[in-house]
Amino acid sequence: MVVLSSTKNKYYMDLHIHIGRTRSGRPVKITASNQLTLSNVLEESLVRKGLSIVGVIDSHSPEVLEELEELLDTGYARELTGGGLSYLDQITLILGTELEIYDENSIGPIHVLCFFPTIELMTVFSNWCKTRMKNIHLSSQRIYVSGKELQKQVLALNGWFIPAHVFTPFKSLFGKGVNISLEEVFDFNDIHAMELGLSSNTQMAEKLLEMQYFPFLTNSDAHSTAKIGREHQIVQLNEPSFKELTLALKNEADRGIIRNIGLDPRLGKYYRTICKVCETQAVNGECPNGHDQTKIIKGVSERIDDLALKQSSLVMNKRKEEKVIHPPYIHQVPLDFIPGCGAKTMDKLLSNFQTEMKILHEVSGEELLAVVPENIANKILAARAGKLMIKEGGAGKYGKIN
């Protein structure tokens with residue numbers, strides 16, 4: 001774990017933000033909002049959220065690449081020497097894509113994130129993917145290569161390879177992709193980090209022996225502008241660039257992730273094992289009301305416990321590095337989860353404190369009380385301290401604050 005240094009800068013970062021539509025209206029992430037365009041992602045992240053670094057997932061899509069090139073041509077963005085794009089010299093874009101692996105060794109589909117330092121390298125990767133998938137314009141598409149072949153291509157282009165939302169019940173590494181070990185599908189040494197995703201945190205993830213050797217990322221996987229930054233991290237760097245972030249992922253040269261900040265796992269959509277029909281918590285994997293077994297959606301908490309038991313007998317001689325000492329994981333409750341914090345209250349908070357990052361992390365109780373009613377201010381402070389009562393989520397439905 002890297003300790004916060006007074007000689008380095010700290011940055012708020014969310015590396016998993018989707019593009020719903022291109023400027024021409026062409027779908028990219030079909031399940032994402034039509035309003036989630038590149039320009040709206042940049043405006044929301046910079047102006048309302050207060051992020052310093054954003055991962056623009058779906059940068060592989062040809063029309064998204066065209067828009068990125070146009071930002072350079074018009075002078076709104078410039079490529080950084082250390083990799084990444086600086087937009088208006090105020091926010092750094094890291095170019096990424098999400099792909100689906102489902103090869104002969106995986107039990108189910110697995111989503112992974114691939115990031116590259118430049119538009120040129122992302123274009124090379126996009127052209128490589130084009131001949132190995134059905135529709136290069138869409139997000140999260142299945143690529144018809146093995147997991148290890150994909151890893152090798154990413155590393156050959158100086159990229160990062162990061163399994164996405166690794167515990168969710170559908171389309172993830174440990175949720176459904178492997179039986180016990182990630183080595184059933186991937187090369188252990190060619191993974192740069194693990195993205196935890198909703199319904200899990202560091203304490204839960206560290207139960208798995210294999211997870212203890214990787215840095216953790218907490219990203220929003222935003223499908224709408226409102227969800228940008230709902231999970232993020234604070235990183236310590238000399239400057240916000242791809243090269244500096246590579247050092248941070250390795251915890252080298254006083255760079256690193258100093259805080260992971262995400263939903264309390266109980267608020268996530270897949271925390272508990274729930275019957276999707278009656279929304280009742282399963283008992284010993286069965287619906288107490290007798291609904292069919294196929295309607296049971298296994299929760300992340302139970303899945304992790306099962307895998308931890310299986311992994312306890314693994315022999316970890318695959319890496320020379322020691323286990324990663326992970327930074328604190330701070331439970332965050334996004335403002336739109338807090339009862340009473342509607343659109344008008346949000347606008348009032350933002351007009352006084354500029355960005356959501358400041359409201360969530362920096363504004364004092366006295367400052368909040370001067371702007372919003374006491375009950376809302378107290379809920380924001382209680383959320384910051386992890387003291388809110390929560391009804392656990394599951395089977396695709398978020399938990400709720402009681």
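With sequence neighbours left out, the side-chain contact (heavy atoms from CB on, under 4.5 Å) criterion links Arg266 to Asp264, Tyr271, Ile390, Glu392. Remark: Ala205 pairs with Phe167, Leu196, Met211, Phe216 by the side-chain contact (heavy atoms from CB on, under 4.5 Å) rule, at least two apart or across chains.
Residue pairs meeting the ring pair (Phe, Tyr, Trp, His ring centres under 6.0 Å) criterion with at least one member in residues 382-402, sequence neighbours excluded, are Phe337-Tyr398.
Rounded to the nearest 0.5 angstrom, Asn40 CG and Thr225 OG1 are separated by 7.0 Å. Expressed to the nearest 0.5 Å, how far CD1 of Ile325 lies from CG of Asn251 amounts to 9.0 Å. Between Asp187 atom CG and Leu182 atom CG the span is 9.0 Å, to the nearest 0.5 Å. Distance check: Leu150 CG to Leu99 CG gives 6.0 Å after rounding to the nearest 0.5 Å. Summarising the geometry, atom NZ belonging to Lys269 is positioned 7.0 Å from atom CG belonging to Leu198; distances are rounded to the nearest 0.5 Å. With rounding to the nearest 0.5 angstrom, the CD1 atom of Ile57 is 7.5 Å from the CG atom of Leu15.
Within the 4.5 Å cutoff, no side-chain heavy atoms of Ser146 are placed close to those of Asn105. Using a 4.5 Å cut-off on side-chain heavy atoms (C-beta onward), His291 and Cys278 make contact. In this structure, Leu369 and Glu374 have side chains that are in contact, with non-hydrogen atoms separated by less than 4.5 Å. By the 4.5 Å heavy-atom criterion applied to side chains, Ser59 and Leu93 are not counted as neighbours. In this structure the side chain of Arg21 reaches within 4.5 angstrom of the side chain of Pro27, judged on heavy atoms. No side-chain heavy atom of Lys176 sits less than 4.5 Å from a side-chain heavy atom of Thr168. With contacts defined as side-chain heavy-atom distances shorter than 4.5 Å, the pair Val363/Ile380 does not qualify. In this structure, Thr37 and Arg23 have side chains that are not in contact, with every pair of non-hydrogen atoms separated by 4.5 Å or more.
In this structure, the side chain of His60 does not engage the main chain of Leu65 through any donor-acceptor pair within 3.5 Å. A donor-acceptor pair is defined here as one N or O able to donate and one able to accept, closer than 3.5 Å; such a pair exists between the side chain of Gln233 and the backbone of Met13. Judged purely by atom type and a 3.5 angstrom limit, Ser139 has no side-chain atom pairing as donor or acceptor with the backbone of Lys29. Side chain of Arg142 to main chain of Tyr102: a donor-acceptor pair is present (N/O by atom type, distance under 3.5 Å, no hydrogens or angles). The backbone N or O of Lys298 sits nowhere less than 3.5 Å from a side-chain atom of Arg303 that would complete a donor-acceptor pair. Without hydrogens or angle criteria, Lys348 side chain to Val371 main chain gives a donor-acceptor distance under 3.5 Å. Of the possible donor and acceptor atoms, one in the side chain of Glu244 sits under 3.5 Å from a partner among the backbone N and O of Asn238.
Scanning all heavy atoms of the two residues, the minimum distance from Leu368 to Ile359 falls at CD2-CG2, 4.4 Å. Residues Phe242 and Asn158 share a closest heavy-atom pair of CE2-O, 3.6 Å. When all heavy atoms of Tyr329 and Ser200 are compared, the pair lying nearest together is OH-O, 3.4 Å. Across all non-hydrogen atoms, the minimal contact from Ile110 to Gly177 is CG1-CA, 3.6 Å. The two residues Ile101 and Val145 come nearest to each other via the heavy atoms CD1-O, 3.9 Å. Between Leu46 and Gln90 the shortest heavy-atom distance is CD1-CB, 3.8 Å.
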side-chain contact (heavy atoms from CB on, under 4.5 Å) assessment of Ile191 paired with Tyr213: CA-CA 10 Å; Ile191 294 174; Tyr213 291 82; over 6 Å; no
Stepwise side-chain contact (heavy atoms from CB on, under 4.5 Å) test for Leu245 and Phe115: CA-CA 11 Å; Leu245 284 170; Phe115 296 93; over 6 Å; no
Evaluation steps, side-chain contact (heavy atoms from CB on, under 4.5 Å), between Met346 and Glu356: CA-CA 9 Å; Met346 276 290 295; Glu356 193 168 334; 4.1 Å; yes
Derivation and outcome, salt bridge (charged side-chain N to carboxylate O under 4.0 Å, His left out), residues Arg78 and Asp89: CA-CA 8 Å; Arg78 61 184 176 87; Asp89 287 328; 2.6 Å; yes
Trace of the side-chain contact (heavy atoms from CB on, under 4.5 Å) decision for Asn289 with Cys275: CA-CA 9 Å; Asn289 296 318; Cys275 172; over 6 Å; no
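Taking the six-membered ring where tryptophan is involved, the planes of Phe125 and Trp128 are essentially parallel, since the angle between them stays under 30° and well short of 60°. Ring geometry for His361 against Tyr12 counts as parallel: the plane angle stays under 30°, on a 0 to 90° scale with 60° as the upper cut.
A salt bridge is absent between Lys152 and Asp190; no separation between the charged side-chain nitrogens and carboxylate oxygens falls under 4.0 Å. Using a cut-off of 4.0 Å between Lys/Arg side-chain N and Asp/Glu carboxylate O, Asp336 and Lys227 are scored as salt-bridged. Using a 4.0 Å cut-off between charged side-chain N and carboxylate O, Arg272 and Glu302 make a salt bridge.
If you check the side chains of Ser61 and Asp58, you find no donor sitting under 3.5 Å from an acceptor. In summary, the side chains of Thr218 and Asn260 do present a donor paired with an acceptor at a separation below 3.5 Å, with no hydrogens or angles considered. Using modelled atom types, one finds no donor on one side chain facing an acceptor on the other under 3.5 Å when comparing His111 with Glu195. There is no side-chain donor-acceptor pair under 3.5 Å between Glu231 and His16. A donor and an acceptor atom, one from each side chain of Ser220 and Asp14, are located under 3.5 Å apart. Glu210 and Ser181 form a side-chain donor-acceptor contact under 3.5 Å, judged by distance and modelled atom types alone. For the 3.5 Å distance criterion, the side chains of Glu367 and Ser364 qualify, holding a donor opposite an acceptor. A donor and an acceptor atom, one from each side chain of Glu63 and Thr22, are located under 3.5 Å apart.
Remark: Glu43 CD is loosely packed, at most 12 non-hydrogen atoms of other residues, nucleotides or ligands lying under 6.0 Å away. For OH of Tyr76, the number of neighbouring non-hydrogen atoms (other residues, nucleotides, ligands) closer than 6.0 Å is 12 at most. The local environment of CD in Glu184 is crowded, with over 12 non-hydrogen atoms from other residues, nucleotides or ligands closer than 6.0 Å. Counting heavy atoms of neighbouring residues, nucleotides and ligands inside a 6.0 Å radius, atom CD of Gln35 does not exceed 12 of them. With a 6.0 Å radius and a threshold of 12 heavy atoms from other residues, nucleotides or ligands, Lys148 has its NZ atom above the threshold.
Of the residues listed (Glu98, Lys171, His18), the one engaging Ser140 in a side-chain hydrogen bond (donor to acceptor under 3.5 Å, both in side chains) is Glu98, and it is the only one. The one candidate from Ile180, Leu209, Leu208 that meets the side chain to side chain contact (heavy atoms under 4.5 Å, CB included) condition with Lys310 is Ile180.
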